[in-house]
Amino acid sequence: MPVFQVKAIIIENSQMARDIWRMKIYSPEITKAAYPGQFLMLRVRDELLPLLRRPFSFSTINVSEGIFSILYKVVGHGTRLMTKMLAGESVGVLAPLGRGFSKPPDGTKRVWLLAGGIGIAPFFALLEMLKRDSSKLEISLFYGAATGEELVDCRFFENNNCKVNLCTDDGTCGLHGLITDSVERACSLTILPDFFYSCGPTPMQSKVIEWAKCNGIRGQVSMETYMACGMGVCLGCSISKKFFTGNKNEETNYLRVCREGPVFSIGEEN
Ligand SMILES: Cc1cc2nc3c(=O)[nH]c(=O)nc-3n(C[C@H](O)[C@H](O)[C@H](O)COP(=O)(O)OP(=O)(O)OC[C@H]3O[C@@H](n4cnc5c(N)ncnc54)[C@H](O)[C@@H]3O)c2cc1C
Ligand code: FES
């Protein structure tokens, strides 16, 4: 697949929840080539600092309009600067990068989407893809954040026949507890999924992988690591293969999240 380096026009940049923003960007070539779960590297400013581009998942991909969006959380210098960008300005984008989500295996009936915090970002595009390919899939979203004010609007999921289960660390919205608690609870009350997709912080992904292995459920996790180049060169994003296999005795092999990921399969060899 081609990778484009473009100056693209910002269509909209607006706040969606506390510290969570959505930026819509016009680039027909990138939009056409992008796939849910893939990411882009965004050059926040043309000046020296911040020096490195920042990685973000494609959140929505609208091929007919040539517009994609990212959903981003303000955590530091780069993302703070991004909130100041205005519609009509241009921004440097390198994309699409990495391996995205793949379709669930044939015969899959039930799919769970597990989103921790800003991990909700790629699930908008993923849900569209899943619904397009099989309208009969039963899809449930488990979405958690630190507090209710950090949850983004989930009407898109509800309107697409996806059952939404919310939870917050402080109990201000939905179930009181971590997303993995919410998943464990659902497991004791309902039929287990045939397949899952998970995106969120690394400690959450670690627990999700353990849960999937214990229950024999296949799925895919999208990983976040620090990235400098985003193109497989610097090795800064490497993660041990043991993280996915859980086999502490095997030889240490590393996978580049930007190249072999960011989406990795669980329940089969990476
Ligand atoms: C493949 C991929 C997809 C991503 N998709 C999204 C997305 O859709 N939306 C989103 O908001 N963020 C996403 N991220 C994380 C995002 O890239 C970082 O939050 C962003 O680069 C921070 O830039 P900054 O200059 O604001 O923060 P910095 O000033 O660089 O750092 C501020 C704080 O954020 C932490 N931080 C920085 N980068 C990361 C990172 N990669 N992972 C975890 N913590 C980090 C630092 O430890 C520090 O505490 C993604 C990361 C990867 C690798
Ligand atoms: S970010 Fe440089 S190799 Fe992955």
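Note on residues 219-241: no pairs pass ring-ring contact (aromatic ring centres under 6.0 Å, His included), not counting sequence neighbours. Applying the side chain to side chain donor-acceptor pair (under 3.5 Å) test to every pair with at least one member in residues 67-76, sequence neighbours left out, gives these pairs: Asn13-Tyr72, Thr60-Ser69, Lys73-Glu150. Sorted by first and then second residue, the ring-ring contact (aromatic ring centres under 6.0 Å, His included) pairs with a member in residues 171-195 read Phe195-Tyr197; sequence neighbours excluded. Under the side chain to side chain donor-acceptor pair (under 3.5 Å) criterion, no residue pair touches residues 110-128, with sequence neighbours excluded. Sorted by first and then second residue, the side chain to side chain donor-acceptor pair (under 3.5 Å) pairs involving residues 151-167 (not counting sequence neighbours) are Asp153-Arg155, Lys163-Asn165.
Looking at residues two or more places apart in sequence or on another chain, you find a ring pair (Phe, Tyr, Trp, His ring centres under 6.0 Å) between Phe196 and Trp211. Partners of Thr31 according to the side chain to side chain donor-acceptor pair (under 3.5 Å) rule, which considers only residues two or more places apart in sequence or in another chain, do not exist here. By the side chain to side chain donor-acceptor pair (under 3.5 Å) test, Thr172 pairs with Thr147, Asp170, sequence neighbours left out. Residues satisfying the side chain to side chain donor-acceptor pair (under 3.5 Å) test with Lys242, not counting sequence neighbours, are Thr252. Residues that satisfy the side chain to side chain donor-acceptor pair (under 3.5 Å) test with Tyr143, not counting sequence neighbours, are absent from this structure.
Of the candidates Arg80, Met85, Lys84, Arg53, Val44 forms a side-chain contact (heavy atoms from CB on, under 4.5 Å) with just one, namely Met85. Partner of Phe264 under the ring-ring contact (aromatic ring centres under 6.0 Å, His included) criterion, out of Phe244, Phe101, Phe243: Phe244 alone.
Neither side chain, Glu224 nor Thr202, offers a donor N or O lying under 3.5 Å from an acceptor on the other.
Heavy-atom neighbours of Arg18 CZ from other residues, nucleotides or ligands within 6.0 Å: above the threshold of 12.
Using a cutoff of 4.0 Å between basic side-chain nitrogens and carboxylate oxygens, Asp194 and Lys109 are not scored as salt-bridged.
Hydrophobic clustering, defined by side-chain heavy atoms of Ile, Leu, Val, Met, Phe, Trp and Tyr closer than 4.5 Å, groups Ile67 together with Ile11, Tyr26.
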Pairs under 3.5 angstrom only: tabulate donor-acceptor contacts from the side chains of residues 177-192 to other protein residues two or more places apart or in another chain.
{"unit_1": "Asp181", "atom_1": "OD2", "unit_2": "Leu178", "atom_2": "N", "d": "2.9"}
{"unit_1": "Ser188", "atom_1": "OG", "unit_2": "Arg185", "atom_2": "O", "d": "2.7"}

